[in-house]
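Step one of this worksheet: look at the structure below.
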Amino acid sequence: MVEITELGYIGISVSDAEAWKTYATEVIGFELVEEQGEDDRFYLRMDEMHHRIIVHTDGNDDLEYVGWRVKSPKALKAMKQQLDDAGVDYRVATDDECRERHVLGLLKLTDPGGNPTEIYCTPRVEADRAFHPGRPLWGKFTAGGQGLGHMILRQPDPQAAYDFYTEVFGMDGSIEYKLPAPGGEATPWFVHCNNRQHSLAFGIPNMEKRINHLNIEYTELDDLGKSHDIVRHHNIPVAIQLGKHSNDKALSFYHVTPSGWLMELGWEGRHTPDQEEYYVADIWGHEMEAQGFGMDLEMNRE
Ligand SMILES: [Fe+2]
């Protein structure tokens, strides 16, 4: 079976491009890339890839598409067969569409939650151009073969999503939490495709947007701490305070992006364990603060 190798890129749409450029560079530390003749978008860079996030500037403040990587054109051909065998509709992208994404092979489909989904191979790597962060960083972003981070996506039928991502995309995972939540219990599902503990999660009910949060990680604790200072000094709402998750064991906090969905900044998540398990609380912290952003979960038992 061919397996997805990483969460390679995402496309988002934003209503306030200037706010996003300032936020992405000065709060997070992304490198801003603007290409000549592409006035309707800009790119955010985290490592030696040409980009990790494509920001469309005419949008409605939501996720537009998700790009999942396979290792080679041979693997992409085999993935087509897997999609055929599973009865999943897809379209082979045109040469122009491949050029638009800076990849050599591309399939377009939707996942069971209706999220526009792309599978690609052979992305453009700017090996000759060093990553230059938008603000000084002591370290880097944790990216490379681990992909850009992880997301929670809207999935009205989590079991269908789990079957799709595990049986068609070759990922693995489980429900990893049972948490008290307004109106009952939250049981989010987590799946992984490499040694990042999870690349995708779902099972948060009543999501208005396709995306609840994007997580990215720094390699250095001081960069996470500096981001926390900047978020606090700019009075950016924090939905979940600093704390440590039980599943990926990363130190993280969640704040509100200019588009109204959440960004989780983290440090030192552990690698994917060999066997699945579930938890009823986080290790410490992660107290709720600003509410109404879809993460009104009691992750701390005290
Ligand atoms: Fe997360």
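Remember, it's 1-based here, ligands and their atoms both numbered in the order they're listed. Since the model is a prediction, treat every value here as computed from it, not as a measurement.
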(request) Check Leu242 against Leu224 and note the closest heavy-atom contact, atom names and distance. (result)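 What the structure gives for the nearest pair is CD2-CD2, 4.5 Å.
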(message) Please report the interatomic distance NE2(His245) to CD(Glu176), rounded to the nearest 0.5 Å.
(response)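 Nearest 0.5 Å value for the NE2-CD distance: 11.0 Å.
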(request) Output the distance between atom SG (Cys121) and atom CZ (Arg69), rounded to the nearest 0.5 Å. (result)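 These two atoms lie 9.0 Å from each other.
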(message) Short of 2.8 Å from the Fe ion (ligand 1), name each protein N/O/S atom, waters not counted.
(response)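 The answer is His150 NE2, His213 NE2, Glu264 OE1.
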(message) Test your reading of the model: is there a side-chain donor-acceptor pair from Asp62 to the backbone of Arg210, 3.5 Å cut-off?
(response)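 Present.
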(request) Using modelled atom types only, decide if a donor and an acceptor are shared between the side chain of Ser199 and the backbone of His192 within a distance under 3.5 Å. (result)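 Judged by distance alone, no pair lies under 3.5 Å.
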(request) For Thr187, enumerate each residue passing the side-chain contact (heavy atoms from CB on, under 4.5 Å) test, keeping only those at least two apart in sequence or located in another chain. (result)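 Here the qualifying residues are Ile175, Lys178, Glu185.
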